[in-house]
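Down below is the structure, laid out as structure tokens.
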Amino acid sequence: MPTMSGARFLAETLHGYGVTHYFFMPVSVPEAMPELEHVGVEPVMAHTEKGAAYMADGYARISGGAGVCGAQSVGALNLAAGLQDAYLACSPVLAFTGRLRQIMQNRHAYQEVDHSAPFEAVTKFSTPVTCLEEFPIFLRQALREVVSGTPGPAHLDLWGITGGDIMTAEDDLDVIVEEPFRRTPPFRPEPDSPSVRAALAELQQASRPVIVAGGGVRASGARDELIELAEALDIPVITSLNAKETFPASHPLAVGVSGTYSRECANRVFAEVDLAFFVGSHKGEQVTNIWKLPRPGARIVQLDINPAELGRSFPINVGLLADARAGLRKLLDQVEADSITPPASRESWVQRVQSLVRTWRAQVDPLLTSDQVPMRPERLCGELTRLLPSDAILLSDTGHAGIWTGTLIDLTSPGQSFIRCAGSLGWGLPAAIGAKCAAPDRPVVCFTGDGGMWYHLTELDTAARYGIRTVTVVNNNASLNQEQALNERIYGGATPGSDRLWKLNDADFAAVAETMGCEGITVTRPSEMEGALDRALSSDRAAVIDVKTDIAGIAPRAWDG
């Protein structure tokens, strides 16, 4: 084994696992920076620790491998807060922090607090690294953890305020790359045959079944298998927000996104099912409309790679422990082997579902095509559906941005991708930077509102400094209008007090973008959107499209029966 420093070992290991960027706030493992650059891993300095974590998250979700971020000890709590989104979204992010040695703990060291507990709340694996001898063991374990089973973040707490005690030490070290753990999933377990037959029996006996595709379908790359099974058994498909890209919006069995950020037709369909087949879905609050869908009495079949998820929230009639793609393929093989065809009764159910979808589309179409000025956000979504390139990556912030993109923007090409904020407003802009680093040859379009834009506006400078050509579309209605009804209810109506809690300044984000070295474009009319997007996508700089929209454009509440 060659003698090398911890800094060189870190760089060569990350490079061996296919990592191309390290997102950080200074000063994080500074001794590793030249080593990272030497092997082709580009350090990207962010303006905030949360921004760095969001960049690593966006990178990880698009690359399918580990996204890596870091901060010194004083910024550790900020980095932990940034990992919340990666944790909620099951994203394989590896975070490094510095930590003063034990002899300096509990003695009022400058800027030091015990940050262990916050990382334990937002990671699958978190451990201190007290010497270089430990580093290879724990680094490889962290890289296994982030991609295995249900993916999620890991954290290594390196001795020294910047991690320098580990980086500067030298030892005889062997760089070992475990090939399966370079990507998600490292392994594809298949379900046992009795469970497959039991699941298919349930699906055949159901009169009104639906498949609910979750983020595990996307992580597994199981889009083709999902479509094939739905067609083979003539079963409509609902998706979570995380799985939006996994089923074609134009497919006759497509229902849309269900739950709290949902299409009315999807919740209506979900309320009528007698069986729900959850594939790679946590069955969480958002996709089930606060666990009210499906209705009591519906039977549940669930396929998940993590045994702890089988039966969580809803008791299951059949559970399949498997990777989504391998599990769906095993079901398809059994369908073919047994010559299974959909029951004749399935046709009336499919027709009912299609009728609900057509009714919903007829209701929203006038807003999708509205020429109103200021622009309706629905029309903005309609324009993006029409104009997004066939290989675009669309990212969405949370709140109204999540609702608008999840429900009203259709992906029209199998080459398009969609990832979204799992909870932290302001995620979109820095996550788009990370996504673009992972896929530099693909257009990356972030959809956010002015409220979300304000959070990490400074990261436009990061995009400009590194030449990271993202496009950020700002639904700018000078407000947090999702909060309007809440505040006016509390104040007993529209008052100066209630207004202060949701109205914002009418900012000129195009001018701000130009000031920070980016392309700035303003859109005030629907007819201007096509030219603006063309200009932004062809720019040699990161671009911001500031779209002035109607403050009254409030997303409808989820249908609740």
Side-chain angles (χ1 to χ4, degrees), residues 84-85 87-91 210-218 236-247 249 254-273 276 278-296 298 300 302 309 312-314 353 356-357 360-361 363-364 367 377-378 381 394-410 418-428 447-449 451-452 475 480-487 489 502 553-561:
Q84 175 178 310
D85 225 275
Y87 182 77
L88 293 172
C90 306
S91 180
V210 72
I211 297 172
V212 184
V217 176
R218 183 190 180 280
V237 176
I238 286 170
T239 73
S240 69
L241 274 172
N242 283 335
K244 179 179 173 67
E245 72 180 61
T246 64
F247 202 78
V255 183
V257 174
S258 69
T260 52
Y261 287 11
S262 59
R263 293 178 173 179
E264 179 180 327
C265 57
N267 281 8
R268 284 184 176 274
V269 169
F270 213 171
E272 295 184 15
V273 304
F278 290 90
V279 183
S281 170
H282 282 170
K283 302 183 299 187
E285 172 190 8
Q286 194 169 54
V287 73
T288 63
N289 198 22
I290 320 177
W291 304 285
K292 290 180 286 192
L293 299 171
R295 300 296 197 210
I300 304 293
Q302 185 178 6
E309 294 302 328
R312 192 192 295 271
S313 295
F314 295 91
V353 170
L356 289 170
V357 172
W360 174 80
R361 287 198 176 275
Q363 290 171 348
V364 300
L367 291 172
E378 297 92 342
C381 292
L394 176 66
L395 296 90
S396 166
D397 245 317
T398 192
H400 266 175
I403 300 173
W404 293 130
T405 54
T407 60
L408 290 180
I409 296 180
D410 283 338
F418 175 77
I419 59 174
R420 58 94 180 195
C421 174
S424 304
L425 189 61
W427 171 91
F447 185 105
T448 187
N475 174 31
L480 296 168
N481 65 351
Q482 191 176 8
E483 316 301 333
Q484 178 183 357
L486 167 68
N487 289 302
R489 183 169 66 251
W502 67 277
I554 296 176
R557 294 177 61 85
W559 181 87
D560 203 15

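We number each residue from 1, following the sequence as shown. These numbers come from a predicted model, not from an experiment.
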**OP:** Report yes if some heavy atom in the side chain of Glu264 is under 4.5 Å from a heavy atom in the side chain of Thr407; otherwise report no.
**Re:** no
Subject >> Short N-O contact, Glu272 and Arg268, less than 4.0 angstrom >> reply: no
Subject >> Validation row: Ile238, Phe247 side chains within 4.5 angstrom (heavy atoms) >> reply: no
Original post:
For the side chain of Lys283 and the backbone of Ser313, is there at least one donor-acceptor N/O pair under 3.5 Å apart?
Top reply: no
**OP:** Would you please name every residue forming a salt bridge (charged side-chain N to carboxylate O under 4.0 Å, His left out) with Arg312, sequence neighbours left out?
**Re:** Glu309
Subject >> From Arg263 atom CZ to Trp360 atom CH2, the distance as rounded to the nearest 0.5 Å >> reply: 3.5 Å
**OP:** Give the ring-plane orientation class for Phe278 versus Phe270, where under 30° counts as parallel, over 60° as perpendicular and anything between as tilted.
**Re:** tilted
**OP:** Ignoring hydrogens and angles, tell me if any N or O in the side chain of Gln286 forms a donor-acceptor pair with the backbone of Thr260 under 3.5 Å.
**Re:** no
Original post:
Under 3.5 Å, is there a donor-acceptor pair linking the side chains of Asp85 and Ser424?
Top reply: yes
**OP:** Say whether, by atom type as modelled, one donor and one acceptor occur between the side chain of Arg218 and the main chain of Ala243 under 3.5 angstrom.
**Re:** no
**OP:** Would you check if Trp427 and Asp397 make a side-chain contact, meaning some heavy-atom pair closer than 4.5 Å?
**Re:** yes
Original post:
Hey, is the main chain of Ala213 close enough, under 3.5 Å, to the side chain of Ser281 for a donor-acceptor pair?
Top reply: no
Original post:
Between Ile409 and Trp404, is any pair of side-chain heavy atoms under 4.5 Å apart?
Top reply: no
Original post:
Should Arg420 and Asn242 be marked as a side chain to side chain donor-acceptor pair (under 3.5 Å) after you check the CA-CA gap, both sets of side-chain angles, and the distance that decides it?
Top reply: CA-CA 7 Å; Arg420 58 94 180 195; Asn242 283 335; 3.0 Å; yes
Subject >> Chi angles and distances behind the side chain to side chain contact (heavy atoms under 4.5 Å, CB included) call for Val279, Val212 >> reply: CA-CA 6 Å; Val279 183; Val212 184; over 6 Å; no
Subject >> Separation between SG of Cys381 and CG of Leu408, rounded to the nearest 0.5 Å >> reply: 5.0 Å
**OP:** Would you check if Thr239 and Thr246 make a side-chain contact, meaning some heavy-atom pair closer than 4.5 Å?
**Re:** yes
Original post:
Is there a side-chain contact between Asn267 and Val269, using heavy atoms and a 4.5 Å cut-off?
Top reply: no
Subject >> For Val255 against Pro236, the heavy-atom pair lying closest together >> reply: CG2-CB, 3.8 Å
Subject >> Gly406 to Val257 - nearest heavy-atom pair and separation >> reply: O-CG2, 3.4 Å
Subject >> Pair Asn481, His400: side-chain N/O donor-acceptor within cut-off below 3.5 Å >> reply: yes
Subject >> Sub-4.5 Å side-chain heavy-atom contact between Ile419 and Ser91 >> reply: no
Original post:
Where is the tightest heavy-atom contact between Trp502 and Asn487, given as atom of each residue plus distance?
Top reply: CB-ND2, 4.1 Å
Subject >> Nearest non-hydrogen partners of Thr398 and Gly423, listed with the distance >> reply: CG2-O, 4.1 Å
Original post:
Got a second to check how far Leu395's CG is from Thr405's OG1, nearest 0.5 Å?
Top reply: 9.5 Å
Subject >> Backbone N/O of Val287 and side chain of Ser258: donor-acceptor pair under 3.5 Å >> reply: yes
Show me the donor-acceptor pairs within less than 3.5 Å that the side chains of residues 554-561 make with the rest of the protein, sequence neighbours left out.
| residue | atom | partner | partner atom | Å |
| --- | --- | --- | --- | --- |
| Asp560 | OD1 | Asn289 | ND2 | 3.2 |
| Asp560 | OD1 | Lys292 | NZ | 3.3 |
| Asp560 | OD2 | Lys292 | NZ | 2.9 |

